[in-house]
Amino acid sequence: MTYFVTDENAEKRLQVAVVQAPNEIAVLTDGLQRLALVFATREVHAPFFESMFKVLRGANTDECDDLTHHLVQFLDSSEVNQRTDDDKTLILATRLTGTENEQVAL
C-alpha cells in the first residue's frame with residue numbers, strides 16, 4: 001500500500017529517523033521497491049545499489065550524461081521490466097571526501 005505525504009492523515013503514517021548525514025543516498029519510486037528493498041528487515045537490498053554506487057564514486061561531473069543514459073537503459077531493461085510494471089525512477093547521489101573527485105549525482 002502506498003501512502004502519500006499529501007494525504008490528510010500523513011503524519012500518522014510518516015516515519016522519521018534522525019541519522020548522521022549519509023555519504024550516499026538513493027531515492028526511488030515504488031516501482032523499484034521489490035528490487036531495491038528487503039521488506040522483512042526494512043533495509044535496502046545492498047547488491048542492488050553496490051555496483052551503481054561504485055561506478056558513481058569513481059565518476060566525475062563530465063560523465064553524468066553517459067551514466068544517466070546507462071541508468072535509463074538499466075531501468076528499461078527486460079530484466080527490470082519483468083519484475084515491475086510500475087513507474088521506475090531512481091536518483092543516486094554520493095558525497096566524496098577526497099579532493100581528487102567531484103560530487104556526482106544522477
Side-chain angles (χ1 to χ4, degrees):
M1 176 66 92
T2 301
Y3 302 102
F4 299 95
V5 296
T6 55
D7 289 346
E8 285 185 33
N9 62 349
E11 69 280 354
K12 293 179 183 175
R13 300 190 189 282
L14 186 63
Q15 298 178 15
V16 178
V18 178
V19 296
Q20 187 176 11
N23 284 322
E24 298 176 318
I25 190 166
V27 179
L28 53 106
T29 54
D30 59 343
L32 292 174
Q33 287 182 9
R34 289 189 287 157
L35 297 171
L37 303 177
V38 180
F39 291 103
T41 59
R42 300 180 68 167
E43 296 176 329
V44 299
H45 178 61
F48 180 81
F49 294 104
E50 285 173 356
S51 61
M52 289 186 237
F53 276 121
K54 182 178 180 181
V55 170
L56 194 57
R57 280 184 225 116
N60 62 53
T61 55
D62 295 336
E63 299 172 278
C64 283
D65 288 342
D66 190 44
L67 292 173
T68 299
H69 174 73
H70 289 293
L71 180 59
V72 169
Q73 285 183 317
F74 167 73
L75 293 176
D76 197 34
S77 69
S78 60
E79 294 85 2
V80 172
N81 286 330
Q82 288 173 3
R83 305 225 13 222
T84 182
D85 60 356
D86 205 345
D87 62 299
K88 298 176 295 282
T89 302
L90 178 61
I91 300 170
L92 300 169
T94 188
R95 179 180 53 181
L96 304 173
T97 56
T99 57
E100 296 176 359
N101 296 311
E102 299 175 77
Q103 180 174 339
V104 178
L106 291 180

**Item:** side-chain contact (heavy atoms from CB on, under 4.5 Å) against Val55, all qualifying residues, sequence neighbours excluded
**Value:** Leu67
**Ile25 reachable from Leu56 in the ILVMFWY side-chain graph, under 4.5 Å edges** = no
**Asked** Rounded to the nearest 0.5 Å, what separation is found between the OG atom of Ser77 and the CG atom of Leu75?
**Response** 7.5 Å
**Prompt:** Taking only residues two or more places apart in sequence or in another chain, which ones pass side-chain contact (heavy atoms from CB on, under 4.5 Å) with Tyr3?
**Reply:** Met1, Asp7, Arg13
**Asked** Residues in side-chain contact (heavy atoms from CB on, under 4.5 Å) with His69, at least two apart?
**Response** Gln73
**Complete:** Taken to the nearest 0.5 Å, the spacing of Leu35 CG from Arg83 CZ works out to 4.5 Å
**Message:** Restricting to non-hydrogen atoms, name the atom on Gly31 and the atom on Thr84 that form the minimum distance, rounded to 0.1 Å.
**Reply:** O-OG1, 2.8 Å
**Asked** Roughly how far, to the nearest 0.5 Å, is CD of Glu50 from CD of Glu24?
**Response** 10.0 Å
**Item:** Sub-4.5 Å side-chain heavy-atom contact between Leu90 and Phe49
**Value:** yes
**Side chain proximity check, Phe53 to Arg57, heavy atoms < 4.5 angstrom** = yes
**Message:** Going by side chain to side chain donor-acceptor pair (under 3.5 Å), name the residues that satisfy it together with Asp76, two or more places apart in sequence or in a different chain.
**Reply:** Asn81
**Asked** For Thr29, what residues pass the side chain to side chain donor-acceptor pair (under 3.5 Å) criterion, not counting sequence neighbours?
**Response** Asp87
**Asked** To the nearest 0.5 Å, what is the distance between CG (Leu28) and CG (Leu37)?
**Response** 5.5 Å
**Prompt:** Any donor-acceptor pair under 3.5 Å linking the side chain of Gln82 with the backbone of Glu79?
**Reply:** no
**Message:** Using the rule that Ile, Leu, Val, Met, Phe, Trp and Tyr join whenever any side-chain heavy atoms are under 4.5 Å apart, tell me whether Phe48 and Val44 fall into a single cluster.
**Reply:** yes
**Single hit among Thr68, Val72, Asp66 for side-chain contact (heavy atoms from CB on, under 4.5 Å) with His70** = Asp66
**Message:** Listing request: all side chain to side chain donor-acceptor pair (under 3.5 Å) pairs with a residue in residues 32-44, at least two apart in sequence or in separate chains.
**Reply:** Gln15-Arg42, Thr41-Glu43
